[in-house]
Amino acid sequence: MSAIEWVNGLMDTLGAPGAGVAIALENLFPPIPSEAILPLAGFAASTGRLSLLAVLLWTTAGSVIGALALYGVGALLGRDRTVALAARLPLVKASDVERTEAWFLRHGTKAVFFGRMIPVFRSLVSIPAGVERMPLPVFLTLTTLGSALWNTAFVLAGHALGANWTQVTDVVSAYSKVVLVAAAVAVAAFVVVRLRRRPASATNGTSATDGTSATDGTSATDGTSATDGTSATDGTSATDGTPSGTPEGSAPPPAHPSRAAR
């Protein structure tokens, strides 16, 4: 049984609430996008199987319930756990979370409202709202309004097209792909920029071959090494004009008596 057949059977069994249940589950486990469920529900209403008003009300209720569940996930996760999880991700810094948090505090209401009309993000936007503990009445109001607009547009399109309701899905599928490609490009750009900014520890000024390495000016071969000017081969060594063990400026020891007799 396909996902569309399952949703169709759910509406046959439960009526308009079945469409609401499908939309709520789509927020949590999106095996089938709302862009397919909503026009199908509109088509069912056009045939008289369901009430159009009931479909609009129940699908909006389903959207709000699903969003509220994800809001709860974000609230349970909390800011501290979010920062800790982000710190474990490669190329992600705690400062990235702080900037995202600052942005959400400024634009969170717009993000929740308009985010309900963007595929993929329409579900995910509820999580940061929960993490930041957006006031629940505000979240519910914005989510209800945004979901009502989105759902109404697709239900009415399916109702108007009737048996051709799949045309709506085809159009929105292209829109969803554009959104996904844009998101992928943004992620790729973030990775590239972050890799370029990351210090190259193996070749920078603190590496094993740099100015503080074993071959630099303070190494075993530098001016303070065993071969430098203070070494055993320099001007104060055992091979220069001052014999080893004779203090500088003092007279040499007297010759051996036997040598003097010769």
Side-chain angles (χ1 to χ4, degrees), residues 1-73 109-127 129-130 136-181:
M1 178 184 293
S2 68
I4 291 294
E5 292 174 341
W6 178 79
V7 172
N8 208 17
L10 195 62
M11 290 189 294
D12 284 339
T13 303
L14 301 178
V21 170
I23 289 295
L25 293 176
E26 179 266 340
N27 279 267
L28 302 174
F29 312 101
I32 180 171
S34 64
E35 296 83 4
I37 300 172
L38 296 170
L40 175 61
F43 167 60
S46 71
T47 62
R49 289 168 52 198
L50 305 175
S51 165
L52 180 60
L53 179 60
V55 167
L56 293 173
L57 292 176
W58 279 104
T59 53
T60 299
S63 295
V64 173
I65 291 172
L68 190 59
L70 291 176
Y71 176 94
V73 171
T109 53
K110 295 188 288 290
V112 171
F113 177 74
F114 291 107
R116 300 303 304 174
M117 306 174 201
I118 302 176
V120 180
F121 297 100
R122 63 191 308 273
S123 297
L124 298 179
V125 73
S126 301
I127 297 178
L136 195 56
V138 175
F139 174 77
L140 290 176
T141 299
L142 295 171
T143 299
T144 301
L145 292 175
S147 298
L149 290 174
W150 178 262
N151 294 354
T152 298
F154 284 95
V155 169
L156 291 182
H159 188 274
L161 291 173
N164 296 320
W165 65 270
T166 54
Q167 293 179 6
V168 180
T169 304
D170 295 337
V171 172
V172 180
S173 177
Y175 169 50
S176 299
K177 290 177 181 178
V178 171
V179 172
L180 290 174
V181 169

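For A129 against V112, the heavy-atom pair with the smallest separation is CB-CG2, 4.2 Å. The two atoms that bring G62 and I23 nearest to each other are C-CG2, 3.9 Å, heavy atoms only. Smallest separation of non-hydrogen atoms from L70 and S126: CB-CB, 3.8 Å. Across all their heavy atoms, W58 and A16 have their closest contact at CB-O, 3.5 Å. Considering every non-hydrogen atom in both A45 and V55, the closest pair reads CB-CG2, 4.4 Å. In this structure, A148 and T152 approach most closely via the heavy-atom pair O-OG1, 2.6 Å.
You'll find the side chain of L40 reaches within 4.5 Å of the side chain of M11, heavy atoms only. Inter-residue side-chain proximity for S63 and T143 is flagged as unmet; no heavy-atom pair is nearer than 4.5 Å. With contacts defined as side-chain heavy-atom distances shorter than 4.5 Å, the pair W150/L38 qualifies. Side-chain atoms of F154 and E35, non-hydrogen and from C-beta on, do get closer than 4.5 Å to each other. Using a 4.5 Å heavy-atom threshold, the side chains of L52 and L156 count as touching.
Distance CZ/F43 to OG1/T166: 10.0 Å, rounded to 0.5 Å. One distance of note links CG of L124 with CD1 of I118; it measures 11.0 Å at 0.5 Å rounding. Put simply, CD1 on I37 and CH2 on W6 are 7.5 Å apart, with the number rounded to the nearest 0.5 Å. To the nearest 0.5 Å, atoms CG (L149) and CZ (R116) are separated by 11.5 Å. If you take CG on N27 and OG on S147, they are separated by 7.5 Å, rounding to the nearest 0.5 Å.
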**Asked** Could you go step by step and tell me if F114 and V125 meet the side-chain contact (heavy atoms from CB on, under 4.5 Å) rule?
**Response** CA-CA 10 Å; F114 291 107; V125 73; over 6 Å; no
**Prompt:** Stepwise, does the side-chain hydrogen bond (donor to acceptor under 3.5 Å, both in side chains) test hold for R49 with N8?
**Reply:** CA-CA 11 Å; R49 289 168 52 198; N8 208 17; 3.0 Å; yes
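Looking only at distances, a side-chain donor or acceptor of T47 sits under 3.5 Å from a matching main-chain atom of A44. Checking side-chain atoms of T59 against main-chain N and O of L56 turns up a donor-acceptor pair under 3.5 Å.
Partners of F113 under the ring pair (Phe, Tyr, Trp, His ring centres under 6.0 Å) rule, at least two apart in sequence or in another chain, do not exist in this structure.
Within a 6.0 Å radius of CH2 in W165, more than 12 heavy atoms belonging to other residues, nucleotides or ligands are found.
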